[in-house]
Amino acid sequence: MIDRKRMRLHAAIAALIVFCAAEMVAAAEYQTTSGQAPANGSTFVACGEPARRANSRMKSIVSAVDDVWSARIRVYESVAPAPPHARRGGCVFYNQAFLNLLLLRRLLVQDPGVIEPLLYAIMAHEVGHEMHQDFSPERAGVSSQTKELEADRFAGYTLEHLNIGLDNIIPYYSLAGDEFGGQARAANSHGVSMSRTAALKNGWDLAEWNQPEDSHSLTEGD
């Protein structure tokens, strides 16, 4: 019984390692090949990446996040089976096959009451990169880890405004740190689980206290 529990925990950790891969770095390094286009569905280029139109569910999620910030961030389904990510130009991406693997097959999450908050947190994190202008020259000197923690804080802040609690999200953020992915590259660093969870909670608290989203400057040591 203990071995089985350990195996399931390791499987969950392995899935979240992929989730913790640097979204922006993965997107920037993405190269198209003729064999990556799907057999069905119209494809086009959005913000420099081959994509398909987002499904209604993901459109609704990102639209809700946009409404909080009076933003117009566009969402697309990535052709490549890549983690959710953002790209220069105001686009955020997801891949349905990747999300299904992560949420349903690896983490065995079946309850919509768990899946929905996770999807909102994931996509709010990506919108955070756009709202923080993380691809601008002015942010070039900010480390990847700081940008990622700030996006986590942004996600928490957004979730509070959407009346989404953190109870179903924190357990997964607790497995989403760099320590579960081995030695992280400096350009890939998201922060350890404690930092990521703290940033998410901090954003939620700032919103609850009616404070500005960026009123607490996150550092890699937080």
* With sequence neighbours left out, write down each residue that passes side-chain contact (heavy atoms from CB on, under 4.5 Å) with R88, or none if nothing qualifies. =>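 Once residues adjacent in sequence are excluded, the partners of R88 under the side-chain contact (heavy atoms from CB on, under 4.5 Å) criterion are F135.
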
* Asked: How would you list, by chain and number, every residue that makes a side-chain contact (heavy atoms from CB on, under 4.5 Å) with V142, sequence neighbours excluded?
  ->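 Scan of V142 (side-chain contact (heavy atoms from CB on, under 4.5 Å), adjacent residues dropped) gives R139, T146, K147.
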
Pairs touching [range] that satisfy disulfide bond (SG atoms under 2.5 Å apart), sequence neighbours left out:
range	answer
residues 48-84	none
residues 109-146	none
residues 63-99	C47-C91

* Apart from F93 itself, which Ile, Leu, Val, Met, Phe, Trp or Tyr residues share its cluster (side-chain heavy atoms under 4.5 Å, direct or through members)? ->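 Besides F93, the hydrophobic cluster comprises F44, Y76, listed by chain and residue number.
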
* Which other residues end up in the same hydrophobic cluster as W209, if Ile, Leu, Val, Met, Phe, Trp and Tyr are linked when side-chain heavy atoms come under 4.5 Å apart? ->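 None; W209 is a cluster of one.
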
* Contacts of W69 that satisfy ring-ring contact (aromatic ring centres under 6.0 Å, His included) - sequence neighbours left out -> F154, Y157

* Kindly work out whether a path of hydrophobic side-chain contacts (I/L/V/M/F/W/Y, heavy atoms less than 4.5 Å apart) joins I170 to L119. =>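 Cluster IDs for I170 and L119 match.
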
* Which residues satisfy the side-chain hydrogen bond (donor to acceptor under 3.5 Å, both in side chains) test with S56, sequence neighbours excluded? -> none

* Go through the structure and list residues passing side-chain hydrogen bond (donor to acceptor under 3.5 Å, both in side chains) with H161, not counting sequence neighbours. =>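 For H161 there are no side-chain hydrogen bond (donor to acceptor under 3.5 Å, both in side chains) partners, ignoring immediate neighbours.
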
* Mind jotting down which residue pairs meet the salt bridge (Lys or Arg N to Asp or Glu O under 4.0 Å) criterion with at least one end in residues 56-80? Sequence neighbours excluded, please. => R52-E77, R57-E116

